[in-house]
Amino acid sequence: MNSFTDGGTPTAHPRPTAGRRRHTLLPMKNILVLNGPNLNMLGIREPNIYGKQDYPTLVAFIQEAAAKLGLAVDVRQSNHEGVLVDWIQEALGKFDGIVINPAAYTHTSVAILDALKAVALPAVEVHLSDVSAREPFRHVSYAGMACRKTFAGHGFDGYRLALEYLTTL
Ligand code: CA2
């Protein structure tokens, strides 16, 4: 009989691996979540494509999902390509991963692609809508070329899926 089979508190000779796993505290991963142009307009127009919920509701959703997954998040939005590039560059050494919805810059920005490649942090691309089922110009994603994974067409839940994916790395 080992110390785990008597139904009581394991005291004598606990398995070393089980003990280590129970007592090791891993540092919380810190994730940067970036949203591109016009996402601050969510809920105001095009609810058929992007849903009825507004941007502050999306931020609260991401923060709650991160807390449940044991992640720290910093959620930011900008309408400016250079600001997004600066934030990606500054993430090096401060964050463990990036979740990015570059919005319209997805389909145009080699600068965001290059910044993601430069920092080489694990990055995940998110789109609220299913871009592959929309206009042909939305089928190309430059940022996606530097991302480990893409979640598109899941609405807000895509951000949760992206965060969950980062916990597996
Ligand atoms: O589906 C996505 O998340 C997109 O990244 C959203 C972008 C679009 O350009 C991408 O192709 C796909 C648009 C962001 C926000 O657009 C709004 C437009 C009107 C009202 C509210 C938001």
Side-chain angles (χ1 to χ4, degrees), residues 29-92 94-169:
K29 276 189 179 172
N30 201 14
I31 307 299
L32 178 62
V33 180
L34 295 181
N35 287 308
N38 298 308
L39 283 163
N40 56 316
M41 300 293 278
L42 279 181
I44 296 170
R45 290 202 210 298
E46 303 200 68
N48 51 323
I49 301 174
Y50 302 117
K52 287 184 195 154
Q53 294 180 291
D54 63 8
Y55 186 72
T57 307
L58 173 62
V59 173
F61 175 89
I62 295 168
Q63 288 169 339
E64 194 182 326
K68 283 183 187 160
L69 290 163
L71 297 170
V73 274
D74 186 343
V75 186
R76 304 181 193 170
Q77 187 274 334
S78 177
N79 293 329
H80 305 280
E81 185 177 20
V83 171
L84 293 163
V85 168
D86 286 344
W87 286 342
I88 293 166
Q89 289 183 9
E90 288 159 16
L92 201 56
K94 292 192 192 125
F95 292 93
D96 303 299
I98 297 175
V99 171
I100 184 164
N101 181 348
Y105 289 138
T106 305
H107 321 297
T108 63
S109 181
V110 178
I112 289 174
L113 167 64
D114 286 346
L116 289 169
K117 280 187 172 172
V119 297
L121 287 165
V124 184
E125 177 186 24
V126 172
H127 297 288
L128 296 165
S129 64
D130 179 4
V131 280
S132 69
R134 297 182 63 191
E135 305 96 316
F137 70 85
R138 294 187 205 272
H139 299 184
V140 176
S141 170
Y142 289 98
M145 294 172 196
C147 290
R148 304 254 185 128
K149 214 161 171 67
T150 296
F151 293 99
H154 301 277
F156 283 12
D157 205 43
Y159 290 84
R160 184 189 62 77
L161 293 167
L163 291 171
E164 190 176 60
Y165 176 75
L166 287 173
T167 66
T168 68
L169 300 180

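Note that ligands are numbered from 1 as they come in the structure, with each ligand's atoms numbered from 1 the same way.
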Original post:
Nearest to atom 9 (O) of ligand 1, what protein heavy atom do you find, and at what distance?
Top reply: Arg138 NH1, 3.0 Å
Original post:
Does one side chain, of Glu81 or Asn79, offer a donor that lies under 3.5 Å from an acceptor on the other?
Top reply: no
Original post:
With atoms numbered from 1 as shown, which atoms in ligand 1 lie under 4.0 angstrom from a non-hydrogen atom of Leu39?
Top reply: 14 (C), 15 (C)
Original post:
Nearest protein heavy atom to atom 18 (C) of ligand 1, by residue and atom, and its distance?
Top reply: Glu46 OE2, 3.6 Å
Original post:
If you round to the nearest 0.5 Å, how far is NZ of Lys117 from CD1 of Ile88?
Top reply: 13.0 Å
Original post:
At a 4.0 Å threshold, what atoms of ligand 1 neighbour a non-hydrogen atom of Ala104?
Top reply: 9 (O)
Subject >> Nearest non-hydrogen protein atom, atom 21 (C) of ligand 1 >> reply: Met41 O, 3.3 Å
Original post:
What is the closest protein heavy atom to atom 22 (C) of ligand 1, and at what distance does it sit?
Top reply: Asn38 O, 3.5 Å
Original post:
Does Val140 offer a backbone N or O that forms a donor-acceptor pair with the side chain of His107 under 3.5 Å?
Top reply: yes
**OP:** Note the single closest protein heavy atom to atom 2 (C) of ligand 1, along with its residue, its atom name and the distance in Å.
**Re:** Leu128 N, 3.3 Å
Original post:
So, Ser141 versus Glu125: side-chain donor-acceptor pair below 3.5 Å or not?
Top reply: yes
Original post:
In ligand 1, which numbered atoms sit nearer than 4.0 Å to a non-hydrogen atom of His107?
Top reply: 10 (C), 11 (O)
Original post:
Between CD of Gln63 and CG of Leu58, what distance do you get to the nearest 0.5 Å?
Top reply: 9.5 Å
Original post:
Heavy-atom contact under 4.0 Å between Pro37 and ligand 1?
Top reply: yes
Original post:
In the protein, what heavy atom is nearest to atom 4 (C) of ligand 1, and what distance, to one decimal place, separates them?
Top reply: His127 ND1, 3.7 Å
**OP:** Considering only non-hydrogen protein atoms, determine which one is nearest to atom 6 (C) of ligand 1 and report residue, atom name and distance to 0.1 Å.
**Re:** Tyr50 CE2, 3.5 Å
Original post:
Counting heavy atoms only, which part of Val131 comes closer than 4.0 Å to ligand 1: side chain, backbone, both or neither?
Top reply: side chain
Original post:
Would you say Ser109's side chain and Thr106's backbone share a donor-acceptor pair under 3.5 angstrom?
Top reply: no
Subject >> Under-4.0 Å heavy-atom contact with ligand 1, by part of Asn101 that carries it >> reply: side chain
Original post:
Side chains of Asn38 and Tyr50: donor-acceptor distance under 3.5 Å anywhere?
Top reply: no
Original post:
Between Ile112 and Ile100, which heavy-atom pair has the shortest distance, and what is it?
Top reply: CG2-CD1, 4.0 Å
Original post:
How close does the nearest protein non-hydrogen atom get to atom 1 (O) of ligand 1, and which residue and atom is it?
Top reply: Ser129 OG, 2.6 Å
Subject >> Test: Glu64 and Lys68 ion pair at under 4.0 Å >> reply: yes
